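Numbers restart at 1 for each chain; the letters A, B, ... are given by sequence-line order, proteins then strands. All figures in this text were calculated on a predicted structure; none of them were measured in a lab. In what follows, every heavy atom counts, from backbone to side chain, and hydrogens, waters and symmetry copies are set aside.
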Amino acid sequence: MKIASWNVNSLKVRLPHVLDWLAEAQPDLLGIQETKTLDENFPQQEIEAAGYQVLFSGQKTYNGVAVLSRLKATPKEIITDIPGLEDHQRRVLGATYGKLRFINLYVPNGSEVGSDKYTYKLDWLDKLASYLKKQLQEHKNLVVVGDFNIAPEDRDVHDPEAWKGSVLVSEPERAALQKLFDLGLHDSFRLFEQDEKLYSWWDYRAAAFRRNMGLRIDHVLCSDALKKKCTASYIDKEPRKLERPSDHAPVVAEFDI
DNA sequence: ATGGTCGTTGGACGA
C-alpha cells in the first residue's frame, strides 16, 4: 500500500498536477493540505473520475484538507477536528479504511516564534498529542500524515545556522514533534538510509528550489505495527519542477499490507 | 533568509 501526503497550496490551481500525479504515482491513500477550497466548490467529479473516492473539509481562502483513496473500503469514523480543540480552521481529516486508521493534518505554520500564531501552533500540537495517544490505543495500524510545519532535526534543514531558533525548527516545536515520536509514531523517512539534503518544501522566493534551500517539514508517521511493514519512504521532487508548482513536494511511504 | 514569490483577493495577509 502506497500512502502519501502533499500540501498543494490551492487545489483549484494545482488540480492538473494532482490528477497527473495520481495517474503517475498511483497512491492508495493521499492526504492533501491547503486546498483553500470551500466544500461546495471541491472538484469531487474530477477526482472521482480519476478512480479515487474523496473526503474533504475546507474553508474559504485558507487551510482545507482532503483525503483521496482508491481502496475498496468505505471510510468510517470520520473526524474533521481534534476532539477537545475548538478550531474553525479546517486542518484535520481522519478516517478508518478497513483495518487502517488514517489521519491527515495541516499543522499550523506558527508565523514567528513568540507570536499568537506560534502559541496556537504549540497548543494545537499539545492537543494533537493527547488525541494521538488515545488513537494509538484504539488502532494498531495508524498512519498520520501531513504538513507538520516542523523540521525534526538539523539534517532536515538546508542551513541550520541560518534557521536556528526560528519557526519550523525551534526547540519547542521539535519537542512537540518528538512527543509524537515518543508515543510510538515513527518518521517513516528515517526508517531507511537516505541521501543528504532531501527536503519537502522550498520557499517560492530566492530561487530556493533551484538552490535546494529547503526544509523537510512534510511527514508520514506510522505506528509500531506498521513500522515493521514499511518497505520504502521517499520524497517525489518531480512535481516541484513543473510550471506553477506547489511549494511542497509529495512525500510517500509504502507498506507491505 | 536583507528581500527576493505565490495564492486569494481585489489591499493586504498568510505561508
Just the atom pairs and distances: protein N or O near nucleotides 13-15 of chain B's N or O, under 3.5 Å.
residue : atom : partner  : partner atom : Å
B:dG14  : OP1  : A:Lys117 : NZ           : 3.4

For residues 212-228 of chain A, which side-chain N or O atoms pair as donor and acceptor with protein atoms under 3.5 Å away, sequence neighbours left out?
residue  : atom : partner  : partner atom : Å
A:Asn212 : OD1  : A:Trp202 : NE1          : 3.0
A:Asn212 : ND2  : A:Lys197 : O            : 3.1
A:Arg216 : NE   : A:Asp156 : OD1          : 2.8
A:Arg216 : NH1  : A:Asp187 : OD1          : 3.3
A:Arg216 : NH1  : A:Asp187 : OD2          : 3.3
A:Arg216 : NH1  : A:His219 : ND1          : 3.4
A:Arg216 : NH2  : A:Asp156 : OD1          : 3.3
A:Arg216 : NH2  : A:Asp187 : OD2          : 2.7
A:Asp218 : OD1  : A:His248 : ND1          : 3.2
A:Asp218 : OD2  : A:Ser200 : OG           : 2.6
A:Asp218 : OD2  : A:His248 : ND1          : 2.9
A:His219 : NE2  : A:Ile150 : O            : 2.9
A:Ser223 : OG   : A:Lys140 : O            : 2.6
A:Ser223 : OG   : A:Leu142 : N            : 3.1
A:Asp224 : OD1  : A:His186 : NE2          : 2.5

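Taking CG of A:Leu128 as the start and CD1 of A:Ile82 as the end, the distance is 4.5 Å to the nearest 0.5 Å. To the nearest 0.5 angstrom, A:Leu100 atom CG is 6.5 Å from A:Asn141 atom CG.
For B:dC6, the OP1/OP2 oxygens have no side-chain nitrogen or oxygen of A:Arg14 closer than 4.0 Å. Contact annotation: A:Arg244 does not reach the phosphate of B:dT5 (side-chain N/O to OP1 or OP2, under 4.0 Å).
Nucleotides B:dA15 and B:dG4 have their C1' atoms positioned 15 Å apart, rounded to a whole Å.
B:dT5 atom C1' lies 14 Å from atom CD of A:Glu243, rounded to whole Å. Summarising the geometry, the separation between CG on A:Leu15 and C1' on B:dG7 is reported as 16 Å, rounded to the nearest angstrom. Following rounding to the nearest Å, A:Lys12 (NZ) and B:dC6 (P) show an atom-to-atom distance of 18 Å.
Two residues are said to be in side-chain contact when any heavy atoms from C-beta on lie closer than 4.5 Å; A:Thr231 and A:Phe255 fail this criterion. Proximity of A:Glu24 to A:Asp20: side-chain heavy atoms (C-beta onward) are nowhere separated by under 4.5 Å.
Taking a 4.0 Å limit (strictly below) on heavy-atom distances, residues 158-168 of chain A reaches DNA chain B at A:His158, A:Trp163.
Annotation: side chain to side chain donor-acceptor pair (under 3.5 Å) contacts of A:Lys241 (sequence neighbours excluded): A:Glu238. Contacts of A:Arg101 classified as side chain to side chain donor-acceptor pair (under 3.5 Å), with partners at least two apart in sequence or in another chain: A:Thr96, A:Tyr131, A:Gln135.
Applying the ring pair (Phe, Tyr, Trp, His ring centres under 6.0 Å) test to pairs two or more places apart or on separate chains, those with a residue in residues 19-62 of chain A are A:Trp6-A:Trp21, A:Phe42-A:Phe56.
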